[in-house]
Amino acid sequence: MPENQKEKSPSFQAPKGMHDILPESWPLFEKLYKASKEIADFYNFSRIETPILENVDLFVRGIGEATDIVEKEMYTFPDRADRSITLRPEGTAPVVRSYIENHLYNLPSPQKFFYSGPMFRYERPQKGRFRQFYQIGVEAFGAAEPKLDAEIISMLKLFLERLQLRELKFEVNSIGCEKCRPDYKKALVSFFSGKVAGLCPDCNRRYSNNPLRILDCKNSACAELRKGSPKITDYLCGECKSHFEEFLSLLNSLNISYIINSDMVRGLDYYTRTTFEITSGHLGAQKTVAAGGRYDRLVEEFGGPATPAIGFAIGMERLVEILKALNSDFCISAPKVFIATIGKDASDQGLLIAEKLRSKGIQAELGYDNASLKSQLRRADKLGASYVFIIGDDELKSGMIKWKNLKDSSQGEIGIAAISEFEGLYR
Ligand code: ATP
Ligand code: MG
């Protein structure tokens, strides 16, 4: 940026809580997409792409009226025909809608899907929490057995291991089904009945409309008051109990270490049985990298045939933050050669050379606008180029240009006509 523009405050800013993914971060995002696509292929999950906008009712009914997302986090507005439209806050409800609308249940089960893209939640922006953020997610329909739950966790683990992430904690729970949860809710309500006055205003509301949510409230007074509360795992019906036990025993066989967190109820109403969250020791307060669970009733609730299902979503920004903190050697694409030029004729010649190299698959970058040689070299260095070619009037006359290896400082000359055979470009 030219000096004289530095002090000006910008006329426009990105909407609050939304951010640009700048070129310095994009290679990491791209690598994550690539790694996730590889794992998805490996496990036979196929790409699905749903619209970023959906009818508001999809989320109100899917996620549940008494959840944080629906109560206060949705971007909902009327379109020009006065339909109530929502910017999707998550991917599961849209994929379920698509599964039913496109009759995908007629295909052999299980159907396994994979998606990635932006999600929108009107939250208080802070580190690791944005109003537009990116998720990678998977959803698998049509298999009820705990084998799928364990397989999906194993897939997530393999993905995170490929990124060389360590210090990950796998927390699992079962939140039962429509048969066992009502008894548990009753026990919870009776436990909190004498404590309501001490709960935060949100939990006061939750006490009457969604008491399970009191269990994952971050307020310290609520955390104190829920000590000794009944555990959902003690209330599971026979079927849910054996599902959970089998799931845990498969995790053991797969050598996946986990912690049972019976307070982990997740913030979305559609979950049944297995829920899980993966947290990282490298993040601050917003430490959940990925989360998911079963939702065996949702397809039917949306008007489809009874279809068990399970899925999870990974928060991309949080993954990128960890990779940056770890200084991961996720290689960022750097030009092989930077062509620094002095004068108009050399600059034109530089373009011809760059295009010739690019047509041979070699990544090249150029100096522009008569920038000084010093600032061009600074840019070459910043971009991580392996070589610089320096071309001025003398070089044009002699037909020989100077090259410099920026990694080991060796240098030499090469004829312009022979540039595309320059050996260093192919190492
Ligand atoms: P949290 O407890 O952090 O609010 P959540 O339960 O609302 O998470 P999910 O709906 O399960 O999150 O989304 C899955 C993942 O997406 C989270 O684990 C997190 O990594 C990421 N995520 C969720 N909300 C945001 C946000 N506002 N900004 C950035 N990432 C987010
Ligand atoms: Mg949240």
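Along the sequence shown, the residues carry numbers beginning at 1.
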Hey, is the main chain of [Y] close enough, under 3.5 Å, to the side chain of [X] for a donor-acceptor pair?
X	Y	result
T272	D296	yes
N405	S409	no
N173	M264	yes
R88	P118	yes
R206	P211	no
S280	H282	yes
N102	L104	no
R266	Y271	no
R47	A40	no
S253	S249	yes

Can you confirm whether more than 12 heavy atoms, excluding those of [X], are under 6.0 Å from its [atom1] atom?
X	atom1	value
E65	CD	no
K336	NZ	yes
E178	CD	yes
F42	CZ	no
R358	CZ	yes

query = Who passes side chain to side chain contact (heavy atoms under 4.5 Å, CB included) against L254, sequence neighbours left out?
reply =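 Listed in chain order: A150, S154, I256.
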inquiry  = As a quick check of understanding, evaluate side chain to side chain contact (heavy atoms under 4.5 Å, CB included) for K127 and E321, giving each step before the final call.
reply    = CA-CA 10 Å; K127 196 163 185 280; E321 195 185 322; 2.4 Å; yes
Close side-chain approach of [X] to [Y], heavy-atom, < 4.5 Å:
X	Y	result
I362	Y426	yes
F120	M18	yes
N209	E71	yes
L357	Q363	no
S257	K157	no
I232	V265	no
F170	I259	no
I85	E54	no

Lys/Arg-Asp/Glu bridge criterion (N-O < 4.0 Å) met for [X], [Y]:
X	Y	result
E224	K227	yes
K72	D202	yes
K179	E239	yes
D68	R213	yes
R61	D57	no
K147	E151	no
E38	R162	yes
E123	R129	yes
K241	E245	yes

Show every donor-acceptor pair shorter than 3.5 Å between a side-chain atom in residues 377-388 and any protein atom, with sequence neighbours excluded, or say none if there are none.
residue	atom	partner	partner atom	Å
R379	NH1	L366	O	2.9
R379	NH2	E365	OE2	2.9
Y387	OH	R427	NH2	3.2

query = About how many Å separate OG of S229 and CG of D263, when rounded to the nearest 0.5 Å?
reply =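 Going from CG on D263 over to OG on S229, the span is 5.5 Å.
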task = Starting at CZ of F113, measure out to CZ of F141 and round the result to the nearest 0.5 Å.
result =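 Atom-to-atom, F113:CZ and F141:CZ are 6.0 Å apart.
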query = Does the ring center of Y43 lie less than 6.0 Å from the ring center of F114?
reply =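 They do not qualify: ring centres at least 6.0 Å apart.
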Would you check if there is a donor-acceptor pair between the side chains of [Y] and [X] at a distance under 3.5 Å?
X	Y	result
S174	R294	no
T92	E139	yes
S84	T76	no
D269	T67	no
Y134	Q132	yes
Q126	Q286	yes

message = Going by ring-ring contact (aromatic ring centres under 6.0 Å, His included), name the pairs with one or both residues in residues 45-72, residues two or more places apart or in two chains.
response =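 The answer is none; no pair qualifies.
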inquiry  = Go through it in stages, so that I can follow the logic: the residues are L168 and T279, the test is side chain to side chain contact (heavy atoms under 4.5 Å, CB included), and I'd like the CA-CA distance, side-chain angles, deciding distance and then a yes or no.
reply    = CA-CA 6 Å; L168 294 168; T279 54; over 6 Å; no
key: Residue of the set Y99, F302, Y270 for which ring pair (Phe, Tyr, Trp, His ring centres under 6.0 Å) holds with Y295   =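 Output: one option passes, namely Y270.
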Steps toward side chain to side chain contact (heavy atoms under 4.5 Å, CB included) verdict (K169, I278) = CA-CA 5 Å; K169 205 160 89 183; I278 287 93; over 6 Å; no
task = Kindly confirm or rule out a cation-pi arrangement of R131 over Y122, judged by NZ or CZ under 6.0 Å from the six-membered ring centre and within 45° of its axis?
result =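 Judged by the rule (NZ or CZ under 6.0 Å from the ring centre, within 45° of its axis), R131 counts as positioned above Y122.
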query = Cationic tip of K186 within the cone over Y184's six-membered ring, i.e. under 6.0 Å and within 45° of the normal?
reply =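 No.
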task = Take Y105 and V299 through the test side chain to side chain contact (heavy atoms under 4.5 Å, CB included) and record every step on the way to the result.
result = CA-CA 10 Å; Y105 45 78; V299 176; 5.6 Å; no
query = What's the shortest heavy-atom distance between N44 and K112, and which atoms?
reply =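 Heavy atoms of N44 and K112 come nearest at O-CB, 3.6 Å.
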